[in-house]
Novice: 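Let me give you the structure first, and then I'll get to my questions.
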Amino acid sequence: MDNKYDVLILGGGPSGLSTALHLVQIAPHLAPRILILEKAHYPRLKLCAGGLVTDAEVILERLGLDVSEVPHVDVETAHFDFAGKGLKVRIPNRHAIRVIRRNEFDAWLAQKAREAGVEIREGITVKKIIPDKDSVTVETDHENFRAQIIVGADGSNGVTRRCIMPNAPLQTARVLEIITPTKQNSIAPHINKDAYFDFFPVPDNIAGYTWDFPTQVNREPMRCWGIYDTNVLADNARPALKDPLAKEMARHGYDINDYEIKGHPIRWYSPQNQVSVPRVLLVGDAAGADPIFGEGISIALGYGAIAAREIAESFQRGEFSFRRYKRRLARSGLGQTLYARWIITNIIYPIKWKWFQILLWRIMQPVVLFVAWIFILNWSKRLK
Ligand SMILES: Cc1cc2nc3c(=O)[nH]c(=O)nc-3n(C[C@H](O)[C@H](O)[C@H](O)COP(=O)(O)OP(=O)(O)OC[C@H]3O[C@@H](n4cnc5c(N)ncnc54)[C@H](O)[C@@H]3O)c2cc1C
């Protein structure tokens with residue numbers, strides 16, 4: 001016999017857990033009627049550099065959560081460079097970015113959801129979603145489940161989106177990541193806690209950047225390196241994605257061939273993205289992350305806040321079309337920043353010439369900072 005719930009959340013990453021935590025906060029009576037299905041077991045690996053921007057911390061604070069409980073490294077200065085030179089960003093009296101490891105962060109957030117009364121079943125892989133007029137059936141590698149509504153929080157490769165909108169256009173970025181030890185020697189005696197984004201690959205049609213973050217693994221200082229390519233210049237000839245990352249690492253004395261390289265796509269936001277069908281809505285990467293940087297943790301947490309409000313109201317009305325979800329998203333601070341980031345992506349990457357990238361990151365710094373402050377940061381205050 002099917003297991004019946006009101007709300008089934010497919011995927012226990014930041015978007016699914018945030019949806020559950022916000023639902024419990026605004027509609028506590030729903031807590032025993034929510035189930036999260038997660039295919040892995042916490043603490044599970046998730047390829048991610050783990051950079052949390054201030055908006056992520058603001059959303060967590062509003063849930064009463066203190067992310068400093070999770071092992072982290074605080075970045076004082078974030079550098080946005082072209083070929084090693086550019087803009088430095090510091091936030092007065094606080095860190096610019098907080099770097100966590102996703103195995104630790106997601107396990108912590110799952111524990112908080114459980115403490116709030118949410119049931120999470122680990123080790124269950126969702127195979128198929130079948131919505132009908134009165135409920136949704138979810139087939140898994142274990143038993144089947146039925147629910148009034150489904151939240152697709154299963155990430156960029158998620159099965160939910162593929163089942164409910166199989167022909168929807170898909171914009172995804174390519175991303176590679178490498179973890180290395182920190183080089184601490186007589187030339188660099190202090191552990192470098194700055195984070196670097198370098199846009200030098202853009203003129204070669206890689207519409208993105210390389211990154212170099214401080215991080216920790218089992219409390220040992222490490223560096224996390226990577227390269228992000230939105231794919232907006234994919235119609236042009238490009239070097240192998242690994243090549244610019246190898247060049248950047250070599251500039252700092254690392255040989256890329258000494259380390260394991262891992263890759264994962266990121267589905268990014270575009271205004272055309274469909275985010276719901278009756279009884280099913282999408283959150284996080286399944287709906288679309290930030291296209292400029294592939295920044296998706298704060299965005300996933302933000303989707304959870306908006307989706308929870310939509311779900312709570314739909315239960316009050318007894319109506320589950322989710323017709324208004326896309327408009328609700330668009331009007332929120334999250335929708336506004338995603339739309340602005342999509343426009344910025346379509347300017348800063350297609351104008352790929354070296355002179356423009358130098359102008360942007362080295363010369364127009366006050367303009368870039370102003371645009372970032374208004375359109376990229378501080379959106380979490382407007383989530384209602
Ligand atoms: C290399 C890389 C570096 C990144 N660096 C950053 C960064 O520094 N800062 C930042 O903000 N963002 C970063 N991101 C993006 C960020 O990781 C994502 O945007 C974020 O994880 C999205 O959260 P989510 O909950 O939507 O999806 P996910 O975190 O992908 O969670 C989805 C969950 O669903 C589960 N799942 C999937 N399929 C099924 C299934 N069939 N059945 C059951 N469960 C399922 C998965 O196991 C997983 O737990 C990076 C991404 C990559 C690839």
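Read the numbers this way: they start at 1 and go in the same order the structure lists the ligands and their atoms. We're numbering straight along the sequence, starting at 1.
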Novice: For a quick test of reading the model, state the closest non-hydrogen atom pair linking Y228 to I292 and the distance between them.
Specialist: CE2-O, 3.3 Å

Novice: State plainly whether the residues D74 and K193 are in salt-bridge range, i.e. N to O under 4.0 Å.
Specialist: no

Novice: When you compare the side chain of Y209 with that of D81, does any pair of heavy atoms fall below 4.5 Å?
Specialist: no

Novice: Show me the pairs that pass salt bridge (charged side-chain N to carboxylate O under 4.0 Å, His left out) and involve residues 276-301, at least two apart or across chains.
Specialist: D290-R341, E295-R341

Novice: Do any nitrogen or oxygen atoms of ligand 1 lie under 3.5 Å from a protein nitrogen or oxygen, and which ones?
Specialist:
unit_1, atom_1, unit_2, atom_2, d
ligand 1, 5 (N), A49, N, 3.0
ligand 1, 8 (O), G50, N, 3.3
ligand 1, 8 (O), G51, N, 2.9
ligand 1, 9 (N), G51, O, 2.9
ligand 1, 11 (O), G51, O, 3.4
ligand 1, 11 (O), G296, N, 3.0
ligand 1, 11 (O), I297, N, 2.9
ligand 1, 12 (N), G296, N, 3.0
ligand 1, 14 (N), G294, O, 3.4
ligand 1, 17 (O), R102, NH1, 3.1
ligand 1, 19 (O), D285, OD1, 2.6
ligand 1, 19 (O), D285, OD2, 3.3
ligand 1, 21 (O), R102, NH1, 2.8
ligand 1, 21 (O), R102, NH2, 3.1
ligand 1, 25 (O), P14, N, 3.2
ligand 1, 25 (O), S15, N, 2.9
ligand 1, 25 (O), S15, OG, 2.8
ligand 1, 26 (O), S15, OG, 3.0
ligand 1, 26 (O), D285, N, 2.9
ligand 1, 29 (O), R102, NH2, 2.8
ligand 1, 41 (N), V126, O, 3.0
ligand 1, 42 (N), V126, N, 2.9
ligand 1, 44 (N), K39, N, 3.1
ligand 1, 47 (O), E38, OE2, 2.6
ligand 1, 49 (O), E38, OE1, 2.6
ligand 1, 49 (O), E38, OE2, 3.2
ligand 1, 49 (O), R44, NE, 2.9
ligand 1, 49 (O), R44, NH2, 2.9

Novice: Determine, for R251 against E248, whether the closest basic-nitrogen to carboxylate-oxygen distance falls under 4.0 angstrom.
Specialist: yes

Novice: Indicate whether any N or O donor in one side chain lies under 3.5 Å from an N or O acceptor in the other, for R90 and T77.
Specialist: yes

